[in-house]
Amino acid sequence: MIEFRQVTKRYDSDHTALRQVNFGLERGELAFLTGHSGAGKSTLLKLIMVMERPSAGEVIVGGQVLNTLPRRQVPYIRRHIGVVFQNHQLLFDRTVFDNVAMPLEVMGTPARDIGRRVRAALDKVGLLSKEKMNPMQLSGGEQQRVGIARALILEPKLIICDEPVSALDVSVQAQVINLLKNLQRDMGLSLIFIAHDLSVVKHISDRVMVLYLGNVAENAPRAELFANPRHPYTQALMAAVPIPDPERERAKPPAELEGDLPSPMNPPSGCVFRTRCPLATDYCSREVPVLEDKTGAGHWVACHYVERQES
Ligand code: ADP
């Protein structure tokens, strides 16, 4: 469905937003993408949406290499991708129905089909009874569900959710996440869920990819990553995820990483994580670690000091 082959994106000569990223997403799979602000998450999204083109490597979506895709074919690719943003970008001078109908109107869909399709989408997100309301009258979680209905309306094959629950109360986050997960399963969608907070995906994704300064630090099946995080950066992120059991929570090692995030304009030589890494040696300043499947079963880690461990 989606494949990144050694993808590098440079915005200017000395600013590399993504470096040699390899990543694959099968049809019907749900991938979670995490990392600090500036790690390259949005850049990855923009490459899939053909809002940016790679500087090197190949981005392949639905069998199409996007690097050289003619501009006139870009809308065709985007037509199959629904996007849910943190800020759902609803229009408050239009009804819920009209907000969901907008992409259909842009496509010139006949009016009789619009009514049927909008109601079906609102039904999927549990908001059929609110079609005539103004989004302003809805709660934050309901507004986000309107955004999800709109992302589904063109029956995309892929949904990209960019920090979809970051602006919501914790109690509402779980509802929206469960809704997305159920839709993804029931409709057989591929879904990329982007968030800086690992705790929100603990129960949903198939695969988790952790980015640090534009580099993939680790990419593994979710259960495997949570049970056995291997990269020191992932381990630090995990330590920051609260554990519901107060006794185990208190016994956790401190989550704070040493030092500041280096400037992306002037990243460390060798391994980009080495300035904050408890395992780093001189060797790490000289050699870039290769992303390697450390288990032979799809647990990829970029670290010189993580041993292979056959599963
Ligand atoms: P994230 O989504 O993980 O916060 P981004 O992909 O937005 O990260 O950014 C990755 C890096 O690329 C950052 O250092 C950011 O400043 C830089 N960047 C993003 N967009 C542009 C742009 N249009 N021009 C120059 N630099 C950019």
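All ligand and atom numbering here is 1-based and tracks the order in the structure. Because the structure is a prediction, the values reported are computed rather than measured.
With Asn67 contributing its side chain and Gly57 its backbone, the two residues share a donor-acceptor pair below 3.5 Å.
Protein residues having a heavy atom under 4.0 Å from any atom of ligand 1 are Tyr11, His15, Ala17, His36, Ser37, Gly38, Ala39, Gly40, Lys41, Ser42, Thr43, Lys46, Pro264, listed by chain and number.
The salt bridge (charged side-chain N to carboxylate O under 4.0 Å, His left out) contacts involving residues 265-276 comprise nothing, where partners must be two or more places apart or lie in separate chains.
Evaluation of the salt bridge (Lys or Arg N to Asp or Glu O under 4.0 Å) rule for Arg10 yields no partner, not counting sequence neighbours. In this structure Arg112 satisfies the salt bridge (Lys or Arg N to Asp or Glu O under 4.0 Å) test with no other residue, sequence neighbours excluded.
A 4.5 Å side-chain heavy-atom check between Trp300 and Val216 finds every atom pair outside the cut-off.
Just one residue in the list Glu292, Glu218, Arg230, Arg308 forms a side-chain hydrogen bond (donor to acceptor under 3.5 Å, both in side chains) with His299, and that residue is Glu218.
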